[in-house]
Amino acid sequence: MSVLRIDDLHTYFETRSGTVHAVDGIDLEVEPGEIVGLVGESGSGKSVTADSIMNLVEPPGHIPRGTVEYDGRDVLSLPESELADLWGGEISRIFQDPGEAFNPTQTVGRQLHDVLRSHRHGSVHPLKRALGLDHDAACREQVVEMLDAVDIPNPEERYSDYPHEFSGGMIQRAMIAMALLCDPALVLADEPTTGLDVSIERQILTLFKDLVEEMNTAVLWITHDLSVVAKLCDRVVVMYAGKVMEVGPTDAVLSSPKNPYTRALLQSIPRHDRPDEDLFVMEGDVPDPLNRPSGCRFADRCPEAHERCLDAHPPRYEAGEQESACYLVAEADE
Amino acid sequence: MTDRSTVRGRVSRRVRTDPVAGVGAFVVVAAVLLAGFSVVDEFLLDEFVVKSVLHSPYELAPDNRLASPSAAHPFGTDEQGRDILARVVYGTRTSIVIGTGAVAFATVTGVTLGVVTAYYGGLVDDIGMRAMDVLLAFPAILLAIALLASLGRGFTSIIVALGVAYVPSFARVTRSKALSVKSEEYVTAAELMGYPTRNVLVDEILPNCVTPIVVQATFSLAVAIIAEAGLSYLGLGVTPPTPTWGIMLSSAQEYITSAWWYSLFPGLAIVVTVLGFNLLGDNIRDALDPQGDGSERRL
Amino acid sequence: MSRQLRYLVNRILWAVPVLVGASVVTFGIMHFTPGDPARFALGQRATPETVAALRRQMGLNQPVYAQYLDFVSGAVRGDFGQSLQTNESVTRMIAQRLPYTAQLSVAGLLIAVVVSFPVGVVGAVREGQFADHVSRVGALLGISTPNFWLGLLLILLVAVPLESFPIFGMTLVTEDPVEAVTSTLLPAIALGTAQAALLTRLLRGGMLDELQSGYVRTAKAYGIDSAEVTYVYVLKNAVLPTITVIGLQLGSLLGGAVIVEQVFGIPGIGRMSVSAIFSKDFPVIQGVTMLVAVVFVAANLLVDLVYARLDPRIAIDGGEG
C-alpha cells in the first residue's frame, strides 16, 4: 500500500479579493521508501500541498474536495488529537527556513527532546515543563545520537547550544534531525536547501539521502530546483498553477519530458557548457490564482497550444513510464 | 510611492464601518468642535450661545452653591454656584489647545531631530539620541513641573513644558521610520541626481514617515490632555477664572462627600475625550499594519 | 570580550552621559530662569542687602561654569544645599520623604505587573473571544483615566463608604504592616492602573506577535501540545521585551506618584516638589530632579542586566560571535 495517496485534492483560500485556487485538483502517490520530488515555480501550490497533506491548512484556507490517505487512513477527517500524534511522529515536515523553525530562547537539544518526549510520553503540564521536570534522559540520549547521525560534530555539547550559535548548514542538519527523530514513515521536505551554499547543499543532500535510505523513509521533496531533483529523487511530479502537469521516474522525465511545461522548465536552466546562449525565458506570466483559466493552465504560454487546449485542463495521459497532462500526448497515440 | 493615500482610505473606511473606530473619530471631532466653539462663543459672541442654552460658565450664583444635578443644571453647580456643565464645555478649550500646542511643538522639534539624526547618522545620531535619553530620564510631569518653575505659568509655558517632555517619543519614532526609508531606492536615486539635502529630507524621506508620526501624535495628544489636567489639578495650570477640568477636580475634592457630581463630571469629560483619541490612535495604527489578507489585529 | 560583558559595558557607557546631561538640565533649570533666584526666595519686600547676602551664600556671583562644578561636586556627595524656604538640608528633606514615595511606587508597580500579566496573556490566548474584549476595553479605559481622578473615585466609592481605608496620609510598612496595606492600597491602585493597562496592551500584542512566529508553527507541526507551546515558549519570549518597558515606565510611575501623593495627602517627595515649585525653592527642585534621574538610570541598568541574563541571544557567548 502506498504511504501517501492524494486524490483530486483542492485547497482554496478565501480572501477579500476572491477565492484563491492554490491547489486545483491534484493526484499523487508515494510508495514506502520512495523519494519523490515535487517541482514547480513559486505560486504553483507546492507548499500548500504539503500543508494539505498534513491537514495543517488554517482558515481562510480550506479543502472543499479531495482525499489524502496516509497509510490507508483518511488524514483530512482525523480529529486534532490523532493529528498531533501523526505530526512529527509518522509524518514530518522540514520547513523552508530552518532558522525560523527554532525557538531562539531554548536550546536546540531541548527542542528536539520535547518533540521526542511528546511522542513517547505525551504532553505535560506547562508548569512542569517550565520547571524542567519533564526531562527524560533516554530521550536526551536518542537526540544526541540523532545529532551525531546528521554529522553535527560534538553532539553532546551542541545539545545545549542555542539556535543562534548554529551556522546555516548546521541548523538545517538539526532540522533534519528533528524530522527523522521519531522514525517517521513520510517526510515532507519544503525547499530545505534553498539559500545554502552549493557545497553545503551537496553535503546535506548526500547525508539526507543516506539517512532516508537507511531508515526506509518515504520523502516528498518540494523544490523549484531541478538539479536537486536529479540528484536525489526516484520519481518527480511537476506542478504548475495548482495542477499536476507531469509525473514519472526522474531520469525519464528529465531526459525526455512529455509535457511542454516540463520542457520549458528544463530549457530555462542556464547551461554552463553553452555560455553564449541567450537565457531562455518563458513568455507570459503564471495565471492569476484568483482567476484560473478554464482550459489548460499552461495554454497561454505554451508554444504548442491549439484550440483543444482552451476547452478544459487536460487529464493525465500515459506516455511510456510517465504520465502527462497534455492533449498532445493523447493525440500522439490517436 | 507613498503609503499615505491607501492608509487614509483604510482609516476612513474603518471609521465608517467599524463602530468602535467611528466612536473614536466622533469624540475627537466633537471635542475639537466644542473647543473651537467655546473660543468663538466667549471672545466673539460674548457667551451668547452658552448663556441662552445653559448658563455662563463664569456667572457666580452664591444662592445656588453645590446644587445637585437638575434640569436647569444637568451637571449641578460648584462651590460658587457656577454651572458645571457650562464649565466642562468651556474646559474643552484648555485641554484641546494645550494638548494640540504641546504635541505640535513636540512634533516639529522631534520630527526634525529624528530625520536629521537618521539621515546623517554617526556622531550627530549619537549626540541626538543621547540628548533624547537625557530627557527621558525625567518623568514628563516632573520635567514639566521643573520647567514651569522656570517659565512661570500660562498657556505658552505649559505648552512648552509639556512639549519638551514629548519630543523624545517623536524623535524616536521618526528616526526609526526614516532609517528604513533612507535605505529605499528612491532616496538613493534622489541623492545621485544631485538633489540638495534639504529637498531629499523634506520631499523624499519625510512624507513616508508621516503615518507613524500621526499615530504617535494621536496617542501623545491623549497623554497631553491627561497631563494638562494633572498640572491644573496641582494648581500649576492656566490661571483662573479660565475653567479647566483639572482645576475643577481640585476644587471638587474638598466637597467630595457633599457634592459627588462635582468630582464626577469633569473627570468623565477627561476620560471620554482621551478615550476618543486613544481609539482613533488604535484605529490609525491598525490601518497602518494589516495582516496579509486583511485580518487586522488590534492592540 | 565576551558578549555579555560587552553588553554591560555598552549599557554603562550609555548611563554616564545621560547622568551628566541630566545634571546639566537640572542645573540649567535654575540658572536659565529669567529673574534672580535669591529674590524669588526672599520675596518682593526683601531689602537689597539681604538679597545680596543670599546671592553670596548661594554662590550666584561666580561664573556659570564654577557654579556648575559646585553643583556637580555637591551632587556627587549627595549635598544639594539648603532649602530656600526652611533652610533644612535638602538631602535630609528628601531622605525623610523618600520612603513614602518608594512604598507607593513599589506598590503601584506591583499592582501593575500582577494585574497586567494574566489579563494580557488571557487576552492573547483567547483572541477575539469575550475575555479578550473585556481585557481590551479595560486596558483602553485604563490608559484613558487620569490617575488623580481615579483616586478621587476610589475615595468616593470605596474609602468613604467602607471607612477602613484612610484617605489622608500613609503608614510605612516598617511602622505598622497592616495599616501600611490599608493606607497604600487605594493610592497604589490609582497609580498602577494606567501602567497595568499599558503593560496589558504590550503583553497581549507581544504574545500575538510571537504566536505568528515560525517556531510556533513548527512546534505545532511536530505535535507538541499547544498549551506547552503557548505558556512555555511563547510567554517567555513575549515577556522579555516587556521587562525592558517596565524599566522605562518607571519614569511615568514616579511622575504619577507626584500627583497621587497630592490626592491622598501622602508626605512624599512629590508633594514636596510641588510646594517647592510654588515657592521657587530651587535647591529642592534640583535635588529631587537629580535624584529621580539617578533612580531612573539605575533602575534601567538593573533591568538591562536582568534582560541580558534571561535572553540567551545576549547571555551566551556565541561560538560564531
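Throughout, a chain's letter reflects where its sequence line sits, starting with A, and its residues are numbered from 1.
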Top contributor to chain C interface from [options] [non-hydrogen pairs under 4.5 Å]:
| options | value |
| --- | --- |
| Asn278(B), Leu279(B), Ile225(B) | Asn278(B) |
| Val271(B), Leu264(B), Val272(B) | Val271(B) |
| Leu142(B), Ile141(B), Leu275(B), Leu236(B) | Leu275(B) |

If you look at every heavy atom in [X] and [Y], which pair is closest and at what distance?
| X | Y | result |
| --- | --- | --- |
| Ala137(B) | Phe296(C) | CA-CD2, 3.4 Å |
| Val274(B) | Ser144(C) | CG1-CA, 3.5 Å |
| Ile259(C) | Gly230(B) | CD1-CA, 3.8 Å |
| Ile270(B) | Pro146(C) | CG2-CG, 3.5 Å |

| query | For chain B, which of Leu150(C), Asp281(C), Val160(C), Leu152(C) has the most heavy-atom pairs under 4.5 Å? | reply | Leu152(C)
| Between Leu156(C), Ile155(C), Val295(C), the one whose heavy-atom pairs under 4.5 Å with chain B are most numerous | Leu156(C)
Name the region of [X], side chain, backbone, both or neither, that has any atom closer than 4.5 Å to a heavy atom of chain B.
| X | answer |
| --- | --- |
| Ile143(C) | both |
| Ile285(C) | side chain |
| Val274(C) | side chain |
| Val263(C) | both |

Is [X] close to chain C through its backbone or its side chain, or both, or neither, when contacts mean heavy atoms under 4.5 Å?
| X | value |
| --- | --- |
| Ala146(B) | both |
| Leu268(B) | both |
| Ala229(B) | both |

| said: Salt bridge check, Arg136(C) against Asp282(B): does any charged N sit closer than 4.0 Å to a carboxylate O? | reply: no
| Point-to-point distance, once rounded to the nearest 0.5 Å, from CD of Gln253(B) to CZ of Phe264(C) | 8.5 Å
| query | Got a second to check how far Ser263(B)'s OG is from Phe148(C)'s CZ, nearest 0.5 Å? | reply | 11.5 Å
| Does anything in residues 14-26 of chain C get under 4.5 Å of chain B by heavy atoms, and if so which residues? | Trp14(C), Pro17(C), Val18(C), Gly21(C), Ala22(C), Val25(C), Thr26(C)
| message | With a sphere of 6.0 Å drawn around OH of Tyr68(C), does it hold more than 12 non-hydrogen atoms of other residues, nucleotides or ligands? | response | yes
| field | side chain to side chain donor-acceptor pair (under 3.5 Å) partners of residues 249-258 of chain C, not counting sequence neighbours, each pair once | value | Gln249(C)-Ser252(C)
